[in-house]
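For the single chain, residues carry numbers from 1 onward in sequence order.
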Amino acid sequence: MRGICFNPKTPSFSIAHNSNSSSSSTPHRLSFSDSINENVNNINNDENSFSIEAAEALIQKWNPDTSAYAKVTSLFYEDKTEAMQYINCVKKLHKLMHSLLIQNPSSEKLILSHNLMEIAMKRLRKEFYQILSINRAHLDPESISVKSSRTSVCSSISDFDDDCTTVEDEIRAAGESICEVERVSSIAMADLKVIADCMVSCGYKKECVSVYNVIRKSIIDEGVFKLGVEKVSSTRVNKMDWEVIEMKIQSWLQAVMISVRTLFNGERILCDHVFGAFESIKESCFAEISRDGAVLLFRFPEIVAKAKKSSPEKIFRVLDMYSMIYKLLPEIETIFSSDSSSVVRSQVNASLQRIIDCVQTMLSGFESTIQKDSSKSPVNSGGVHSLTIHAMNNLSILADYNNVLSDMFSRVEFLQKKRSPLPDSYLYSPESVDTSAPPALGEHFAWLILVLLCKLDVKAKHCKDVSLSYLFLANNLRYIVTKIKRSNLQFILGEDWLMKHEEKVKRFNTNYERYAWGEVISSLPENQSPEISPAEVRMVFEDFNFKFEKAYRKQNAFVVADREMRDEIKGSIAKNIVPRYRELYNMQLVNVESVKEMAEYVAFTPEDVENYLSNLFFIGRSSSDV
């Protein structure tokens, strides 16, 4: 027999005698059912009176051990009014037991009351179980989490007129269906709360909570499983191909969103409603129900980040997991806010920290990849190097994770390893950058680009031709600047950084022009005098012909990837060559009898020179345009 234990703070009340004891002496035999109904009515007719006999009649009526009817019938589904009477009866019985315990702990009524309470709790436990089981579909977390939106749909149904169109009828039917789900869900939640309040207040918390936890935990675990979240080990992950891991990460990203906003949020709402009157119970219940599923869900990123030694290119999938947790973190902290759910929050933080460690390793690997690159092919034509394209593609995508990386930098001393300070020319101006990008973040991006530029500078030094080395640097730096302007990198590095490096591009172009076309330009006299002898003129033209053909042949094999920069270079070269050459050509044309005579030593007309320069860098242009 369950021990009798009552809260001494519960108020007692006097026991009223049964009014039937003073009834008329005329005998009148009642049937069993009439007797039960009469006693049931006695419970509710007068709120100030209570008869243990009437309570016994009602409780025994719904005792499944003694009544075949009670065994197959649900009290709350059969008669809601009588169900509420039953609840009130149990509450009054509990008060009576408290009063009897104070007056006479050995009272036979107290023993009877205790036995009746055991029967009643067994009945309520059965009802609680049935409501939870039968209404699994109506009490699913999704139905509960969107309850407010369903309510708004229901309220809008009355706005339709009687002469609705077919479409409106369909909408009405759908709305009515939704409202029916909402109605059943609300009724079930209300019944669960009434039973839970009664059982817990009467000292049967354990019995109530155990039923709730078993059923609701199975729903959460099943929901997590259906979302594709499974238990995996580091060993297993290490054996997977990256394509498989990537698919699992993508599946997890969808699962965690649904789990937090629907599965756990809906369960949180239901638990708060059913056990709303008991703070500690609702928190411990929710923690018990959600713990295993939540820990399994939030441990996945930690396992992937810890186990798989991924290449730097795979950093983005890892950042996707961090980004998702970062996005959901306010909701996670709200749903799992209690001390009972601290293990879930700890797991979330552990996964975040492990991802941070993984990203640190990957970024270090990315820097190392740049430094160790040994490919040479694009240098031969001076175009954009494959290393530049690869590195800037990764950096521009990485910049899309600005907020995530900012959060990472704020959590730890991110990538604070020993290294030489950046030159001033590579530092951005703090006044001109996005305030959401902390200095450490901008500095690290600037550092990675500096590592790339230094590597490109090393490659440029291997060029046999000086002009080609400058064109190579100009092409690659122009590509870097353009890529930055077209991505979030511009907000991280700032306008000052861009301006300084655009100036460097111009200096590279100037140096290229000087080394590639300097001899051609210098072959034309700046101050052309009419007194120059025919022999000297002939030598000037022959020298120009030789140097122009040589320079053009070499430079036309080079590539200028950016269309705008290509036009700028060609325009600058033409500006320094064509006017001088036209002046010389026209001056000589005056001094000879015919153009045919000049053809002996003049290979190009001014228009020819213009056309040649206009077609400069034609080779590879279509495949390298930016």
Side-chain angles (χ1 to χ4, degrees), residues 366-396 419-420 422-427 445-485 489 493 497-521 550-570 572-573 616-621 623-626:
F366 178 66
E367 180 179 332
S368 178
T369 299
I370 295 174
Q371 292 174 337
K372 294 178 181 179
D373 181 84
S374 59
S375 56
K376 300 177 181 179
S377 53
V379 180
N380 298 330
S381 61
V384 180
H385 199 281
S386 59
L387 173 63
T388 305
I389 296 173
H390 178 73
M392 290 310 300
N393 282 344
N394 285 334
L395 286 175
S396 61
R419 63 190 183 195
S420 58
L422 294 176
D424 291 341
S425 59
Y426 286 99
L427 283 173
F445 272 98
W447 173 264
L448 290 174
I449 294 175
L450 174 58
V451 171
L452 173 61
L453 291 174
C454 290
K455 186 65 179 180
L456 293 172
D457 189 62
V458 171
K459 291 181 180 295
K461 291 177 181 179
H462 288 93
C463 295
K464 296 180 180 180
D465 186 86
V466 177
S467 65
L468 177 61
S469 66
Y470 280 112
L471 186 64
F472 172 75
L473 291 173
N475 270 319
N476 283 269
L477 186 52
R478 180 61 175 246
Y479 181 88
I480 291 171
V481 169
T482 302
K483 200 74 175 177
I484 290 171
K485 285 183 173 181
L489 284 169
L493 295 172
W497 190 99
L498 286 170
M499 289 175 62
K500 289 178 179 179
H501 286 78
E502 285 175 334
E503 286 299 319
K504 286 188 177 184
V505 174
K506 292 178 181 178
R507 289 200 295 271
F508 287 147
N509 287 339
T510 300
N511 288 335
Y512 159 75
E513 187 177 332
R514 183 171 72 251
Y515 284 100
W517 299 93
E519 291 185 358
V520 178
I521 296 172
K550 179 183 176 182
Y552 185 83
R553 191 178 300 110
K554 178 190 291 186
Q555 301 306 318
N556 201 39
F558 297 161
V559 172
V560 178
D562 186 271
R563 181 181 292 104
E564 183 179 348
M565 189 174 80
R566 183 167 62 241
D567 292 339
E568 289 174 357
I569 293 175
K570 291 192 296 185
S572 178
I573 295 170
L616 195 61
F617 310 124
F618 180 81
I619 299 175
R621 182 186 304 173
S623 61
S624 304
D625 280 350
V626 176

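A donor-acceptor pair is defined here as one N or O able to donate and one able to accept, closer than 3.5 Å; such a pair exists between the side chain of Asn476 and the backbone of Gly383. Without hydrogens or angle criteria, His390 side chain to Ser386 main chain gives no donor-acceptor distance under 3.5 Å. Formation of a donor-acceptor pair under 3.5 Å by the Lys455 side chain with backbone atoms of Asp373 is found in this model.
For the atom pair CG of Leu387 and CE of Met392, the computed distance is 11.0 Å after rounding to the nearest 0.5 Å. Atom CZ in Phe558 sits 8.5 Å away from atom OG in Ser381 (nearest 0.5 Å). Between atom CG of residue Asn394 and atom CD1 of residue Ile389 there is a gap of 12.0 Å, rounded to the nearest 0.5 Å. Distance check, rounded to the nearest 0.5 Å: CD of Glu513 to NZ of Lys570 gives 13.5 Å. Between the CG atom of Leu471 and the CG atom of Asn511 there is a distance of 11.5 Å, given to the nearest 0.5 Å. In this structure, Phe617 CZ and Ile569 CD1 are separated by 5.0 Å, a value rounded to the nearest 0.5 Å.
Ring geometry, Phe472 versus His385: the interplanar angle exceeds 60°, so the pair is classed perpendicular (tilted spans 30 to 60°).
Listed here is the closest heavy atom pair of Ala446 and Leu493: N-CD2, 3.7 Å. Closest approach of Asn475 to Met565, counting heavy atoms only: OD1-CE, 3.3 Å. Shortest non-hydrogen contact noted between Ser469 and Ala460 is CB-O, 3.3 Å. What you find for Val505 and Ala474 is that their closest heavy atoms are CG1-O, 4.2 Å. Residue Tyr512 comes nearest to Ser467 through the heavy atom pair CD1-O, 3.2 Å, listed as atom of the first residue, atom of the second, then distance.
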Check: side chain to side chain contact (heavy atoms under 4.5 Å, CB included) between Ile480 and Leu456: does it pass, once the steps are laid out?
Finding: CA-CA 12 Å; Ile480 291 171; Leu456 293 172; 4.2 Å; yes
Next item on the list: Could you give me the CA-CA distance, side-chain angles and deciding distance for Leu450 and Cys454, then say whether side chain to side chain contact (heavy atoms under 4.5 Å, CB included) is met?
Entry: CA-CA 6 Å; Leu450 174 58; Cys454 290; 3.8 Å; yes
Checklist line | Test log, rule side chain to side chain contact (heavy atoms under 4.5 Å, CB included), inputs Phe366 and Leu395 | finding: CA-CA 10 Å; Phe366 178 66; Leu395 286 175; 3.7 Å; yes
Note to self: Arg478 vs Thr482, test: side chain to side chain contact (heavy atoms under 4.5 Å, CB included). Steps then yes/no.
What the structure shows: CA-CA 6 Å; Arg478 180 61 175 246; Thr482 302; 4.0 Å; yes
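Salt bridge annotation for Glu568-Lys506: absent, with no cationic side-chain nitrogen under 4.0 angstrom from a carboxylate oxygen. Salt bridge status for Lys554 with Asp465: present, with a side-chain N to carboxylate O gap under 4.0 Å. Remark: Arg563 does not engage Asp567 in a salt bridge, criterion side-chain N to carboxylate O under 4.0 Å.
No side-chain heavy atom of Ile573 sits under 4.5 Å from any side-chain heavy atom of Val520. Inter-residue side-chain proximity for Trp517 and Leu616 is flagged as met; some heavy-atom pair is nearer than 4.5 Å.
By the side chain to side chain contact (heavy atoms under 4.5 Å, CB included) test, Ser396 pairs with Lys483, Ser487, Leu489, sequence neighbours left out.
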